[in-house]
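If you're wondering where the values come from, they're calculated on a predicted model, not measured in any experiment. Ligands are counted one by one from 1 in listed order, and the atoms in each one are counted from 1 as well.
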Amino acid sequence: MESIWLTGASQGLGRALALELARQGFIVYASARNQLALQELKQQALGQKLSGMIVPKPLDIEDAADVKTVLDSILSEGPIAKVILNAGTYQPVDASDFDCQSLRDLFQLNVFGTVNCLEPAVAALRKQGNGQIAIVASLAAYRGLPRSAAYGASKAALIHMAESLYTELHRENVDIKVINPGFVKTPLTDKNDFAMPQRVEAEWAAKHIASKLSKPGFEIRFPTPFAQFMGFLKWLPYGIYFPLIRKISNQ
Ligand SMILES: NC(=O)c1ccc[n+]([C@@H]2O[C@H](COP(=O)([O-])OP(=O)(O)OC[C@H]3O[C@@H](n4cnc5c(N)ncnc54)[C@H](OP(=O)(O)O)[C@@H]3O)[C@@H](O)[C@H]2O)c1
């Protein structure tokens, strides 16, 4: 059975993805801080008699030493086929309360937490001479959106980083992808107080991601109509983009 290390598996998109990958027959090493939720996830997979299994590996991705210990323990069981770095969060930032600390906090988790995992993962897969890394960013990273100065910038940093690593890693037979979801129904988006166009269920998103991981291509993005719309915004000149986004967001 092939192994996958997945972060952010205790709830939301990561939880649904852990179950879907276990259903496909993978051993899923599932990481997050909430140990109880990871144990419940393991039991759920056992109860559903999935062909793969879920092995809880609790950690805090902001703690680099913790991350390294967990990855070493996974590697001691055998090679890793895929690493999916999904843990992250969203925090709106308004111009009225724009401050350094809120950006620092979000970057600490979304960027440096992910990099804490990426550093040993890149080293391990290069050493193996094969494998895949997939990083969960967001369609919100395509352009500067209102209230998204911290979140959008943190996810744009992840996409940029993955693009930069792509050529060298591919030369060494290691694939790297970004996963750019639109809105997915999770405990995170349940807190949002605004309309979320074309929001999909976490189980649908998980199935979609799992079906695309082994296909060629750098980016997995969904749902298609929303992704195409965000892709269209990406190429608009500022003179058209800003009036349009002001109208759409009522700002
Ligand atoms: N939902 C959406 O619409 C959407 C859209 C685009 C992108 N995304 C991205 O998709 C990913 C998952 O989002 P979601 O909606 O499923 O969010 P969620 O429901 O809040 O789940 C976030 C996951 O990350 C884990 N996590 C948070 N901080 C962590 C830390 N310091 N160390 C280890 N794990 C940590 C959480 O587990 P613990 O609290 O147990 O640690 C949880 O399992 C995020 O990167 C998000 O930015 C989501």
Inset, instruction - May I ask you to check if ligand 1 and L13 share an N or O to N or O distance below 3.5 Å? - result: yes
For ligand 1, which part of [X] has a heavy atom less than 4.0 Å away: the side chain, the backbone, both, or neither?
X    : value
R15  : neither
A137 : backbone
N34  : both
A9   : backbone

Inset, instruction - Could you check atom 15 (O) of ligand 1 against the protein and tell me its nearest heavy-atom contact, residue, atom and distance included? - result: T186 OG1, 2.6 Å
Legend entry - atom 47 (O) of ligand 1 - nearest protein heavy atom and its distance: Y151 OH, 2.8 Å
Inset, instruction - Please work out which of D63, N86, I61, L38 has its closest non-hydrogen atom nearest to atom 44 (C) of ligand 1. - result: N86
Legend entry - Path from I240 to Y238 over hydrophobic side-chain contacts below 4.5 Å: yes
Which of the atoms of ligand 1 are close to [X], meaning less than 4.0 Å from one of its heavy atoms?
X    : answer
S10  : 36 (C), 37 (O), 38 (P), 40 (O), 42 (C), 43 (O)
G12  : 16 (O), 19 (O)
L59  : 32 (N), 33 (C)
R33  : 27 (C), 28 (N), 29 (C), 30 (C), 31 (N), 32 (N), 38 (P), 39 (O), 40 (O), 41 (O)
L109 : 28 (N), 29 (C), 30 (C), 31 (N)
S138 : 6 (C), 7 (C)
D60  : 30 (C), 31 (N), 32 (N)
F183 : 3 (O)

Legend entry - Side chains of S154 and N110, donor plus acceptor under 3.5 Å: yes
Inset, instruction - For the residue pair E219 and N180, confirm or rule out a side-chain donor-acceptor distance under 3.5 Å. - result: yes
Legend entry - Check: N173 main-chain N/O paired with N130 side-chain donor or acceptor under 3.5 Å: no
Legend entry - Aromatic plane relationship, H208 with W204 - under 30° parallel, 30 to 60° tilted, over 60° perpendicular: parallel
